[in-house]
Amino acid sequence: RKRDDVDVEKLEQAVAELDPRGTYKSFADLPLSEFTKAGLKACHFAALTDIQAKAIPLALKGMDILGAAKTGSGKTLAFLVPVLENLYRAQCVGADAGLSAMIISPTRELAIQIFEVLRNVGKRGHLFAAGLIIGGKSLQEERDALARMNIVVCTPGRILQHLSQTAAFNVDNLRMLVLDEADRILDMGFQRDVDAIVEYLPKDRQTLLFSATQTKKVSDLARLSLKDPEYVSVHESA
Ligand code: ADP
Ligand code: MG
């Protein structure tokens, strides 16, 4: 057996034994691949923020999550670490894996920021191919790039354009969907686009939804896109 297979088996066991409501202080307390641990270390991330401590164990165990925590609380790693880990353990990265995860962000700027964090945390040994689909390039160029991606970070309008116009855009292997800054996605009028995107995706996927605020619109979106979600929220302490 390959070293990777042994690694993955051990991780699967450790994740199965993980208490999803346990108290964790640092990334080192969690069952993560050596690759992710090395990437986090290289970026000088050690202690977990509150939202990360609550959301990551649940997400590692495959649950859907509705997470709310204010801006600056570390929501990006709360979903990127589970994306990297769950794809790694399922071994659905690499040339033949197809598109495994979609991360939707309200703006191009935020999408670029997420992509940079993914690149930095993922650069130590992980084999995924990731890319941005945020417009600004021709549809054909984006189409060719999409065909090679395992993880796409995108804006709603542009990815919907590909889903509706590109016959060859296959999302059958997609197993994780992230809706980041969901309140802003809705404030910017993307509700219909997101609803339409979700219609294209496989139903047996894991969905992580993060938002800075909990609004009626956010819970409506959650009802449509999540399955028995775990609610995770971090309140400001006075
Ligand atoms: P949010 O999406 O909740 O607004 P971000 O994910 O953008 O927050 O993170 C805000 C800042 O906190 C970023 O500069 C990020 O690098 C930093 N950060 C996130 N997680 C940690 C951590 N575990 N330890 C130290 N800094 C962190
Ligand atoms: Mg954010």
Side-chain angles (χ1 to χ4, degrees), residues 18 20 22-60 64-86 101-124 126 130 132-134 151-156 158-159 176-188 190 194 207-215 217-218 221-222 225-226 229-237:
L18 180 71
T23 307
Y24 306 98
K25 298 264 181 248
S26 70
F27 287 106
D29 298 337
L30 298 171
L32 305 177
S33 65
E34 293 307 318
F35 297 153
T36 296
K37 282 186 182 168
L40 289 165
K41 199 169 173 188
C43 297
H44 308 288
F45 294 127
L48 292 158
T49 68
D50 289 348
I51 189 73
Q52 292 162 5
K54 288 183 176 174
I56 294 175
L58 291 160
L60 287 175
D64 278 10
I65 287 179
L66 199 174
K70 66 175 168 135
T71 301
S73 55
K75 295 190 290 294
T76 313
L77 287 175
F79 61 80
L80 284 183
V81 168
V83 165
L84 280 173
E85 288 298 297
N86 294 359
M102 179 181 290
I103 300 168
I104 301 179
S105 160
T107 68
R108 295 165 74 160
E109 292 69 29
L110 286 169
I112 292 167
Q113 283 178 27
I114 294 166
F115 182 70
E116 291 302 323
V117 179
L118 175 63
R119 267 225 303 228
N120 285 328
V121 173
K123 71 183 167 193
R124 296 293 164 97
H126 275 300
L132 281 161
I133 296 292
I134 54 177
I151 304 174
V152 65
V153 184
C154 56
T155 47
R158 192 59 164 185
I159 200 71
M176 294 184 82
L177 170 66
V178 177
L179 298 166
D180 187 32
E181 311 277 351
D183 47 356
R184 283 189 68 186
I185 288 179
L186 297 171
D187 287 344
M188 291 174 67
F190 286 125
V194 173
T207 306
L208 310 177
L209 186 156
F210 284 92
S211 182
T213 56
Q214 279 171 311
T215 63
K217 277 189 187 174
V218 169
L221 177 65
S225 54
L226 306 185
E230 296 288 332
Y231 296 88
V232 178
S233 70
V234 174
H235 300 291
E236 274 175 85
S237 47

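Because only heavy atoms are used, hydrogens play no part in the values below, and waters and symmetry mates are left out as well, while side chains stay in. For the single chain, residues carry numbers from 1 onward in sequence order. All ligand and atom numbering here is 1-based and tracks the order in the structure.
At a distance under 4.0 Å, no protein heavy atom can be found next to atom 13 (C) of ligand 1. By the definition of a contact as any protein heavy atom under 4.0 Å away, atom 20 (N) of ligand 1 is in contact.
A donor and an acceptor atom, one from each side chain of E85 and T36, are located under 3.5 Å apart. Residues T213 and D183 bring a donor and an acceptor atom of their side chains to less than 3.5 Å of each other.
Heavy-atom separations between F27 and ligand 1 include at least one value shorter than 4.0 Å. Residue-ligand proximity: G72 is placed with a non-hydrogen atom under 4.0 Å from ligand 1. Not a single heavy atom of H44 sits less than 4.0 Å from an atom of ligand 1.
Residue Q52 touches ligand 1 through its side chain alone, judged by heavy-atom distances below 4.0 Å.
Ligand 1 places these atoms under 4.0 Å from at least one heavy atom of S73: 1 (P), 3 (O), 8 (O). Of all the atoms in ligand 1, the ones that sit under 4.0 Å from a non-hydrogen atom of K70 are 3 (O). In summary, the atoms of ligand 1 found under 4.0 Å from a heavy atom of L77, numbered by their order in the structure, are 20 (N). Close contacts of ligand 1 with T71, meaning ligand atoms under 4.0 Å from a residue heavy atom, involve 4 (O).
For atom 23 (N) of ligand 1, the choice among G74, A47, A212 with the nearest heavy atom turns out to be A47.
Judged by distance alone, with hydrogens and angles left aside, the side-chain atoms of K54 form a donor-acceptor pair with the main-chain N or O of S233 at under 3.5 Å. Put simply, the side chain of D64 never gets that close to the backbone of L226: no donor and acceptor are under 3.5 Å apart. A distance-only check finds no donor-acceptor pair linking the side chain of K75 to the backbone of D180 [under 3.5 Å]. Panel note: side chain D29, backbone S26; a donor-acceptor pair is recorded below 3.5 Å. Side-chain N or O atoms of Q52 include one that pairs as donor or acceptor with a backbone N or O of T49 at under 3.5 Å.
The side-chain heavy atoms of Y24 and L18, taken from C-beta on, include a pair separated by under 4.5 Å. Using a 4.5 Å heavy-atom threshold, the side chains of I65 and L209 count as separate.
Annotation: atom 3 (O) of ligand 1 to nearest protein heavy atom, K75 NZ, 2.8 Å. F45 CD2, 3.7 Å is the protein heavy atom nearest to atom 25 (C) of ligand 1. Of all protein heavy atoms, the one closest to atom 5 (P) of ligand 1 is T76 OG1, 3.5 Å.
Evaluated for a side chain to side chain contact (heavy atoms under 4.5 Å, CB included) with I104, the options L177, I114, V178 yield exactly one hit, L177.
Closest non-hydrogen pair, A111 versus V153, comes out as O-CG1, 3.5 Å.
With a cut-off of 2.8 Å, the protein N/O/S atoms near the Mg ion (ligand 2) add up to 1.
Atom CD of E116 sits about 12.5 Å away from atom OG1 of T76, to the nearest 0.5 Å.
Ring geometry, F79 versus F210: the interplanar angle falls from 30° to 60°, so the pair is classed tilted.
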